Amino acid sequence: MAKSYDYQSAFDIIGPVMMGPSSSHTAGAVKIGNAAREILGDIPKKLEIHYYESFAKTHQGHGTDVAIVGGAMGYSTFDNRIKSALDIAADEHIAIDIIEEDGDSIGQHPNCAYLKSTREDGRYIEVIGISIGGGTIKIKGIHINGLSVDLNHGLPILVFDGAITKSQTNHLINHINDLKIDYREELVKTNEDNSLVVLPLNKAISESTLDQLQDKYSNLTVSYIN
């Protein structure tokens, strides 16, 4: 069951303006797709969707497929194009593969989708998201460049990934602190070539702050899931 602190306001519990029929199976699914779109940084060339438990059983009837695909193409919860998202994806030659998984949800929630997304230039990311009601989601996993971060946080989330050393990653975190960005914890994974920094935020950041981060770290991919 979702806790009260999983929601940012009463509007999250009521649910967003959206295409129907269900806030958890449609609006939440759009936002999971949006999260993958934001981290990928572009419309996908290929999208592989794994459903678990309730999503696996009801995704066709509840519009989850068009919702996630529409979200992955950057559509909002109230965009009229969502209902035609699968047809639009086919017209744009986006390969969609939908897989109904047996067994328990890897997100520890019945409304779980695991998205594997590839864009034209080969960038590949994975996102595990759960829809907890009222159009609210939590991200359970982010995987980029062979680096994986497991988490259990709602939005907003700030993500940095790319070729950056451990020392440079520490400087990045220090800069985030200097900017007084309010985050819950820092989740960092590094290898010899890349770093993945995931910061679940306590409150949204301004567009100007995001622009500043993207300008300063133009060598990295800076993703803001909100």
Side-chain angles (χ1 to χ4, degrees), residues 2-9 12 28 31-42 71-72 105-109 111-119 123-132 135-226:
K3 308 293 194 301
S4 60
Y5 53 74
D6 288 332
Y7 302 93
Q8 298 297 313
S9 73
D12 290 338
K31 292 185 178 181
I32 294 172
N34 287 160
R37 164 66 177 81
E38 181 60 35
I39 295 172
L40 186 66
D42 202 351
S105 167
I106 61 172
Q108 294 79 50
H109 191 282
N111 298 332
C112 178
Y114 178 15
L115 276 58
K116 301 180 179 182
S117 189
T118 307
R119 72 185 188 191
R123 177 173 166 82
Y124 171 78
I125 64 97
E126 301 177 9
V127 172
I128 301 170
I130 60 172
S131 178
I132 63 177
T136 300
I137 69 167
K138 297 177 80 172
I139 300 299
K140 303 288 287 189
I142 297 173
H143 314 295
I144 309 171
N145 294 326
L147 297 171
S148 300
V149 166
D150 296 323
L151 62 160
N152 185 31
H153 293 83
L155 309 184
I157 297 173
L158 187 59
V159 182
F160 301 81
D161 73 89
I164 179 173
T165 66
K166 186 173 182 179
S167 174
Q168 290 170 328
T169 300
N170 291 335
H171 285 300
L172 167 63
I173 297 297
N174 289 336
H175 184 220
I176 293 294
N177 292 329
D178 290 341
L179 292 174
K180 308 298 183 185
I181 293 175
D182 186 7
Y183 60 91
R184 300 182 190 182
E185 60 178 323
E186 56 191 59
L187 303 167
V188 180
K189 290 292 178 69
T190 62
N191 58 24
E192 293 181 357
D193 301 315
N194 296 285
S195 287
L196 171 60
V197 179
V198 178
L199 302 174
L201 306 181
N202 288 314
K203 60 182 180 181
I205 60 173
S206 67
E207 185 175 346
S208 61
T209 298
L210 180 60
D211 289 342
Q212 180 181 345
L213 291 170
Q214 291 174 332
D215 287 343
K216 183 174 180 61
Y217 302 103
S218 58
N219 60 315
L220 303 177
T221 299
V222 182
S223 311
Y224 181 51
I225 314 167
N226 189 21

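Please read these numbers as outputs of a predicted model, since none were measured by experiment.
Between V222 and L210 the shortest side-chain heavy-atom distance falls below 4.5 Å. In this structure, the side chains of L187 and V197 stay at 4.5 Å or more apart for every pair of heavy atoms.
The heavy-atom pair separating T190 from S195 by the smallest distance is CG2-OG, 2.9 Å. Closest non-hydrogen pair, R123 versus I39, comes out as NH2-O, 2.8 Å. Between I173 and E186, the shortest heavy-atom contact is CG2-OE1, 3.2 Å. Looking at every heavy atom in both residues, H143 comes nearest to V149 through ND1-N, 4.3 Å. Taking each heavy atom of I139 and A35 in turn, the nearest pair found is CD1-CB, 3.9 Å. Contact record, L115 with A36: CD2-CB, 3.7 Å, taken as the closest heavy-atom pair.
In terms of modelled atom types and a separation under 3.5 Å, the side chain of Q108 and the main chain of I106 share a donor-acceptor contact. Formation of a donor-acceptor pair under 3.5 Å by the T209 side chain with backbone atoms of I205 is not found in this model. At least one donor-acceptor pair under 3.5 Å links the side chain of Q168 to the backbone N or O of T165.
The distance from atom CD of E38 to atom OG1 of T221, rounded to the nearest 0.5 Å, is 10.5 Å. A distance of 10.0 Å separates CD1 of I125 from CZ of R119, quoted to the nearest 0.5 Å. Atom NZ of residue K116 and atom CG of residue L40 lie 15.0 Å apart, to the nearest 0.5 angstrom. In this structure, Y224 OH and L213 CG are separated by 10.5 Å, a value rounded to the nearest 0.5 Å. The NE2 atom of H109 sits 10.0 Å away from the CG atom of N152 when rounded to the nearest 0.5 Å.
Donor-acceptor pairing under 3.5 Å is lacking for the side chains of Y217 and Q214. Judged by distance alone, the side chains of E126 and Y114 do bring a donor and an acceptor atom under 3.5 Å apart. Using modelled atom types and a 3.5 Å distance limit, the side chains of S208 and S206 yield a donor-acceptor pair.
Shown here is E185, whose CD atom has more than 12 heavy atoms of other residues, nucleotides or ligands within 6.0 Å.
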* Check against side-chain contact (heavy atoms from CB on, under 4.5 Å), Q212 and H175 -> CA-CA 11 Å; Q212 180 181 345; H175 184 220; 4.0 Å; yes
* Apply side-chain contact (heavy atoms from CB on, under 4.5 Å) to L199 and F160, showing your working. => CA-CA 9 Å; L199 302 174; F160 301 81; 4.3 Å; yes
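Exactly one residue among L196, I142, V188, D161 makes a side chain to side chain contact (heavy atoms under 4.5 Å, CB included) with L147. That residue is L196. None of I181, N177, D182 except one satisfies the side chain to side chain contact (heavy atoms under 4.5 Å, CB included) rule with L179; the exception is I181. For the side chain to side chain contact (heavy atoms under 4.5 Å, CB included) criterion with K138, the lone passing option out of I32, I132, I157, I128 is I132.
One finds no salt bridge joining K216 and D211 here, because no Lys/Arg side-chain nitrogen approaches an Asp/Glu carboxylate oxygen to under 4.0 Å.
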